Each structure stands twice: as structure tokens, then as C-alpha cells.
Amino acid sequence: MFRKTGLAITASLLPLVVAQGAAAAEISAGKLKSLKADAVAGVESRAKLAQVMNDKIFSFGELGFQEVETSAYITKVLEENGFTIQRGVSGIPTAWTATWTHGQGGPTIALGSDIDCIPKASQKPGVPWHDPIIPGAPGHGEGHNSGQAVNIVAALAVKDLMVKQNIAGTLVLWPGVAEELVAGKAYMVRDGVFKGVDATIFTHVGANLQTTWGQPSGTGLVSVKYSFHGESAHSAGAPWRGRSALDAVELMNIGWNMRREHLRPEQRSHHVISDGGDQPNVVPSEATVWYYFREQTFAAIKKNWAIGDKIAKAAADMTDTKVDSAIVGTAAPRHFNRPMAEAAQKNIEQVGLPKWTDDEQAFAKAVQKNVGSTKQDGLDTKLRGLKPPEEKPESGGSDDIGDISWIMPTITINYPANIPDLPGHHWANAISMATPIAHKGVVAGSKVVAMTTLDLLTQPKLLADSKAYFTNVQTKDQKYVPMLTAADKPQVQMNADVMARFRPEMKRFYYDPDKYGTYLEQLGVAWPVKTLTPPAGAK
């Protein structure tokens, strides 16, 4: 998609994005240091834009595949700043790419971050206990409202320097759509959206300023819906004439739960019954169960998926029903690039963590206390540093940035916009996400992204080393294993009903930066917060 002079594109997935593009014009260490100082100043001058973008996206609170307002707003900002937008990539209405090129040749560097939110996580920012903006509505209970602000502010600072210093290259920004469903990035990889990109910097909210290399703790996964088809009947009058699809779902769940004991302890698997029938007096003719099969290698994921398929078929046989399945999404096990991570770490050490005020620390400790965290130390004050990957990574969560990490040199930069030791995927993780804590964390992360992007644009050896690690270390013995077929389609209808139910009321709370300095001001939440103890009855 992003073609440039000197880049060889092939038909296969793996080599196409690591082919050597036109070389960057290397600059001296002294000149690069000066450029980075200018980039930091460029980020700081856009701190207001970072705050507005962060708060605006927080107020939209859109679930995966329904990030309509979010994508429209972000692409408008980018278009106004000279980026060319391609909308609806990979058949996903809320997916897009934003591209800007200066000069001839030079590397193509992509900046990505997620944009979707969590069900039932509506929460007033700046209130240290459960206080939803709209009860039952979705909200940014992970903090995906912040990453695009990080990337866009960084890209605009770098863009100015590319023009001023005549640095050739291309910047590509893109969103992680439906990441909470792990249902977007693998489709973009499959469809060649990243053809011609040399390296990706991904950003994700965290509680520290850090990066990693190698395989981190966590898992990859495949997300599959199993739909059983039976025959309805009167549950009391003629139950023998029915064939219950719900019985098949329940038998599958029993079978899988029995099998867990005989799977590796590293696996993680979970399900929800997304359709369990209509009412008790009608034998359910249709029922659907949705599984995540998580493991730490491509082979182990596919093995567990095959076991799930076998158990589903057996459940259908036992109930005389039929079953079919559909992939919602996949996430490859992640592997991050060592030379890129080492370059980013040097920038992290230059930037450092934000200086937290006493009020911000007291607020963070109160949130930790109110949600029952085992640690109540407040916000991090020391960098965690860059450590070698664990010899045996722990199991845990997944992210479909893994698919991109297997087709090009990739790192993730975490920035400190959230409070440590919260539950995750929870309303508590939204509490800080439109407060000065998040605003400071976004600016810190943006500085690191801008500086690392300059490294990749102006240091040909870094890019060459990154590609050598990708080719000679990461993919020497393990290649990318796509789990999508050409027939699989993004499940863009998902969450439409939930957003249709809540969006009309949510619109009343969209942030208006023309009237209010911050979203806290619009909601009438005073900062710094003086009352830190929840009222009786509050969570």
C-alpha cells in the first residue's frame, strides 16, 4: 500500500515489509541530539492538543467496530495537518490509514494505537470510586482513548522537523480497531495494509514509561464463535420433538472444562454464551457460545483450537444438532524488536517519568485503596528499565499487535497514563484517563515516540540492525502463521446494538473543548480532588 522508491514488494506476507527501502540520510550524533530537543519542544508546544484529543476520545466511549465518532475526529485532525486518509481499510468502516511523505525515498515508519473501549465501564474521570457517567454504558476502562493523542502529537512534531531539516521519509498512522475483540489487526495484515512499511512503533497505555524486546509475558489467541442449530418445540407440551441448541452449548462448555485439566497450565480459555435462546418454554433452536483459546505459541493455539472444534462437533452429535463456527479475530504471540527497543529505552531514560504532585499521588493511592488493590503505593516514580525477556514468559493477556510484530520490526511503548495495580478491563481503569495524570503521561509517551521515530528516520544502521534482528533472530526458526483465511470477514456488526442503545444519551456528554478547558471541567469534577473516601453505598 505504501510504495516508495527502492522497495521490493513480493506476494508473500513475511518478506514484503522488511525489504530494505531507500536509505535514510544519516546525521551526526550531535545533530540528532539537537533534533530530539526540538522534537521534545514540539511535543510540549502541543500539550493542549494532546489533552483535548485524549479527553475528546474518552468522551466518545465507543466499543469495537463502532468507533465512528472516534475515527471521524482523529482523521479530521490528521487531514487538517496534511495527511492523506484512506478510510474503510480491510472492509472495516472505522479502520483507516493516514499517510504523509516528505522528499524522495527514506524509510516508512508506522505509528499505531488502539481506539475501542470496554463494555459497562462508563466512569466519571477524577472520581476515585464507582460513579458512571451513564450506568451500564461502555467506557474507556483500559485507556485506549490516549494512544492516538500520543502518536499524533509525536507525528506532528516530527513532521515539522522533516520539513525544516529536509529529512526524507513517510509517516503512517493507523488505529487498532476492535482490539478488545482482537478482531482488527490480523485482517489488516492479511490484506496487505502494511506493505512498504519498514518499522512500527505501537503505543499502549500503562503505569510506567517502558518498552520490551523478545517475547513478553502473555499469549496469542484465536477468537471463535460456535453456533448450534437445532429444532424448537414446546418445552412442556412436546419437548421430545425439540433438539436444543442450548443443550449443545452447555455440553460443549462441560466438555471443554473437563479437558482443561489436561492442557498446558500456560493456556487461558474463556467463553460467554452470546445467544442462549429466547424464553424457557421454547426449546432453543439456535444458540451460540463464543470462545477465546489463548496459548503462547502458534502451534499450541492451533492445537487447542482443534480440540475446541472436536468438542463442539461431539456436543452437536450428542444433541442431534448441527454446528458451524466463525472466527471473530486472532492475535499472534508477540515478539518485539531488540535494536528498536534499545534505541527507545535511551529516549525513555532521557524523558523520564512525569513529576507527580502530592495531590496526584494522594488521588492514585485513594483509587488503589477504594478498589482493594494489594499495593497502595500510588503512581510510579522510578523507571522499570529494559530487561531481557523472561526465559519462560508467564501466561496472560493478548494483543493483536502480535500479528504486526511478525511481519516487520515492531515495538510497543507503554506510557504512564494509568494508575498501577488496578483490575484491568474495569471501570476503575477509566478513573485517571481524562485527568492531569493521563495528560502528563500522554506527553511523556509522545516525546519518546517522536525521538524514536527520528532515530529510525535518520539512523540507517538502526533500521538495518532492526531488520537483521527480525530476519536472523526472530524469524530464523519461526515464521508468521496466519490463522485467518481469505474467506474470513471482520465481524463489523458486533456491538452495533449496544452503541445504538447508549449513543443517544452518551452524545449529551461528548467533550466540547470550545466551551470547557478540560473534560473534568465540563463534568463539574473539581481537580485536585479533595474528597477521596467514597460515600456510603459507593463501590
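In this text the structure is predicted, and so the values were computed from the model without any measurement. The basis for the numbers below is simple: all heavy atoms, side chains too, and nothing from hydrogens, waters or symmetry mates.
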| query | Using a distance-only test with no angle check, is there a side-chain donor-acceptor pair under 3.5 angstrom linking Arg268 and Thr219? | reply | no
| request: Could you verify whether a donor N or O on one side chain and an acceptor N or O on the other, from His140 and Asn429, lie under 3.5 Å apart? | output: no
| field | Between Asp488 and Thr485: side-chain donor-acceptor atoms closer than 3.5 Å | value | yes
| Thr94 and Glu67: side-chain donor and acceptor closer than 3.5 Å? | yes
| request: For Lys56 and Tyr511, indicate whether the former's side chain and the latter's backbone hold a donor-acceptor pair under 3.5 Å. | output: yes
| Do Thr297 side-chain atoms and Ala300 backbone N/O form a donor-acceptor pair below 3.5 Å? | yes
| query | Parallel, tilted or perpendicular for Tyr469 and His335, by the 30°/60° rule? | reply | tilted
| request: Begin with the C-alpha distance, continue with both residues' side-chain angles, and end with the deciding distance and a verdict on side chain to side chain contact (heavy atoms under 4.5 Å, CB included) for Leu456 and Ile201. | output: CA-CA 10 Å; Leu456 291 166; Ile201 298 172; 4.0 Å; yes
| query | Counting only heavy atoms not in Glu394, do more than 12 fall under 6.0 Å of its CD? | reply | no
| task | Please check if atom CG in Asn472 has more than 12 non-hydrogen atoms from other residues, nucleotides or ligands closer than 6.0 Å. | result | yes
| Is a side-chain donor-acceptor pair under 3.5 Å present for Tyr292 with Ser398? | no
| query | Does Lys467 pair with Asp198 as a salt bridge, N-O distance under 4.0 Å? | reply | yes
| request: Start with the C-alpha distance between Phe83 and Trp96, add both sets of side-chain angles, then the distance that settles ring-ring contact (aromatic ring centres under 6.0 Å, His included), and finish with yes or no. | output: CA-CA 12 Å; Phe83 282 76; Trp96 44 267; 9.5 Å; no
| field | Aromatic ring pairing Trp100/His102, orientation class (parallel under 30°, perpendicular over 60°, tilted between) | value | parallel
| Is the closest side-chain donor-acceptor distance between Asn347 and Lys36 under 3.5 Å? | yes
| query | Side chains of Lys48 and Gln51: is there a donor and an acceptor less than 3.5 Å apart? | reply | yes
